[in-house]
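Chain letters run A, B, ... following the sequence lines, proteins first and then strands; every chain starts at 1.
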Amino acid sequence: MSYKIEIQSLSAWFGSKQVLQDITMKIKENLVTAIIGPSGCGKTTLIRCLNRMHELTPRAKVTGRVLLDGEDIYSENVDPVTVRRRIGMVFQKPNPFPMMSIYDNTAAGLKLNGVADKHRLDGIVEKSLRAAHLWDEVKLELGKSGASLSGGQQQRLCIARALAIEPEVILMDEPTSALDPTAAAKIEQLIRILAENYTVVIVTHNMQQAARVSDFTAFLYLGKLVEYGLTKDIFENPKSELTEKYITGEFG
Amino acid sequence: MSRIIDTGLEELSVMLCRMGELTYETVSLSIKGCLNGTSVYSQVHEMSDALISMSDQAEDKTFELIARFQPVASDLRTIKSYMKIAYDFARYSRYALDISYINEQLGGLKECEEWITEYIEKMSEKVLNMVRTSIDALRSHSAQLAKTIAKTEEEVDKMYFEYLDKLIKKAPATSKCTISSVLVVRYLERIADHATYICESVIYLATGEKTTLR
């Protein structure tokens, strides 16, 4: 099994405040990797560094390397837009474009990338909605506003939107924290299915969710990578005392 | 979409069914070896070691499912039962190994009179049927089938004590036969106990009811 992403000595700052310190880890292809840790530990910053979104924040800085299939995404000759096309992102709060229909929400990224052919768009919209396990629920009302869907459906719509541009990696930043348990369970099941074709990196403050959905887990604390390994090992027999204390609820 | 825990439960279930079939073969082979006086010790030893290793793997898997998926209700009952059943299967194989060891070291039932071998053969048939029932009940999660074992368990228990009585009354010619036969019926009786425990676990996982079939 090969590595899709290799993070090498990655550090990140907001102004003078360092939020990530010398992170080195390899993310395997077509598996789910979870990043856990208490609030403010740098989880979200870490995944935002993986598709060059961190640098969009004013006064943000990154050092180190992030290799995607062996190529450093921070190289001067790499276009961040291309990186973001290959590494899609799903956010904490479902954020469909409220004025757009379900169809247009799904096709938004494609249209921005210049795809205009209606027949091709139809095919990709259906394929993406099917992959997000939303098609059967919306196929008869694709013209309806994306905002009219339930929270869980909206999040699956956002996943469909991310899938439509055919990324290789999907980053998820606490994708179920705004959802009820039933909708969250559906997203978790979907994450497992997505891992058959995509590399998934999920940030979650919910340790049980990390345990359920991921193959590998990384524990971050105060911007440092404390432990990284098979999810089974992290939750059954963590090597670091700090990880043990965090996952058993002694702090955090 | 199936639930995330289902994949793990299915893996565990397949693992246990494979263990079940191998234990049946192991117990069956050791009994045959003992009754026929043929040496099967090394073969049974290998099978028993494989079963112990499979039992460890099953235990690891149950731990993983508990740690990762926070099982509740029927999922939790299933995992708890599977963990116990994996241990019971491992015990079957150890008793099978003990039986083949007696055959190897003490000559088994070779020096015994016919009534003894016939008695043990009859008891073995009942015990093997119990092993089969336990495996089938597990495979189908059938509490109804599991409950049927109680009758044979009682019969095997009765046969065990009856044999000890008979042995005292009609002392066999050699002490080798006495020791071998007593140990073999004892191990058979223990295998029957574990078959019953498995059926109790099946009832628990299928219905949530804690039953004693002994």
Side-chain angles (χ1 to χ4, degrees), chain A residues 31-34 36 129-137 152-153 155-156 159-160 175-176 181-196 200 202 204 206-217 219 229-238 243-244 246-249, chain B residues 1-20 49-91 138 141 201 204-206 208:
Chain A
L31 288 178
V32 180
T33 299
I36 60 168
L129 288 168
R130 279 190 189 279
H133 283 254
L134 187 59
W135 176 253
D136 288 339
E137 293 161 55
Q153 288 174 321
Q155 192 61 305
R156 279 182 281 146
I159 291 171
T176 64
T182 312
K186 275 195 176 166
I187 299 286
E188 288 183 8
Q189 288 157 4
L190 179 57
I191 291 169
R192 286 309 318 171
I193 295 167
L194 290 175
E196 290 166 16
V200 181
I202 175 174
T204 175
N206 178 337
M207 277 180 291
Q208 284 73 31
Q209 180 172 71
R212 283 191 294 269
V213 303
S214 71
D215 302 289
F216 282 82
T217 296
F219 170 51
L230 281 170
T231 297
K232 176 182 185 293
D233 295 341
I234 297 278
F235 285 93
E236 269 181 42
N237 190 14
T243 314
E244 167 90 25
Y246 179 67
I247 65 172
T248 55
Chain B
M1 282 189 284
S2 60
R3 300 173 313 148
I4 302 176
I5 194 173
D6 289 338
T7 314
L9 287 174
E10 179 58 26
E11 273 174 41
L12 197 53
S13 166
V14 168
M15 204 184 278
L16 282 184
C17 287
R18 274 211 319 263
M19 278 187 86
D49 283 352
L51 280 159
I52 300 287
S53 158
M54 287 164 91
S55 164
D56 288 344
Q57 283 170 29
E59 191 182 66
D60 281 352
K61 191 74 198 171
T62 58
F63 261 61
E64 182 188 345
L65 294 182
I66 293 167
R68 293 186 58 192
F69 302 111
Q70 306 86 46
V72 291
S74 62
D75 293 333
L76 187 58
R77 292 204 308 273
T78 301
I79 290 169
K80 182 187 171 193
S81 302
Y82 280 0
M83 186 152 52
K84 287 175 77 176
I85 291 169
Y87 171 77
D88 289 319
F89 280 151
R91 293 312 303 158
L138 167 67
H141 284 198
S201 293
Y204 176 68
L205 79 84

**Asked** Checking heavy atoms, do the side chain of Leu190(A), its backbone, both or neither come under 4.5 Å from chain B?
**Response**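 It is both, since atoms from each part get that close.
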
Can you pull out all donor-acceptor pairs below 3.5 Å that join chain B and chain A?
residue: Glu64(B); atom: N; partner: Glu236(A); partner atom: OE2; Å: 3.1
residue: Arg68(B); atom: O; partner: Arg212(A); partner atom: N; Å: 3.4
residue: Arg68(B); atom: NE; partner: Ala211(A); partner atom: O; Å: 2.5
residue: Arg68(B); atom: NH2; partner: Ala211(A); partner atom: O; Å: 3.0
residue: Arg68(B); atom: NH2; partner: Ser214(A); partner atom: O; Å: 2.5
residue: Gln70(B); atom: OE1; partner: Arg212(A); partner atom: NH1; Å: 2.6

**Closest non-hydrogen atom pair between Phe69(B) and Ala211(A), with its separation** =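 Heavy atoms of Phe69(B) and Ala211(A) come nearest at CE2-O, 4.4 Å.
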
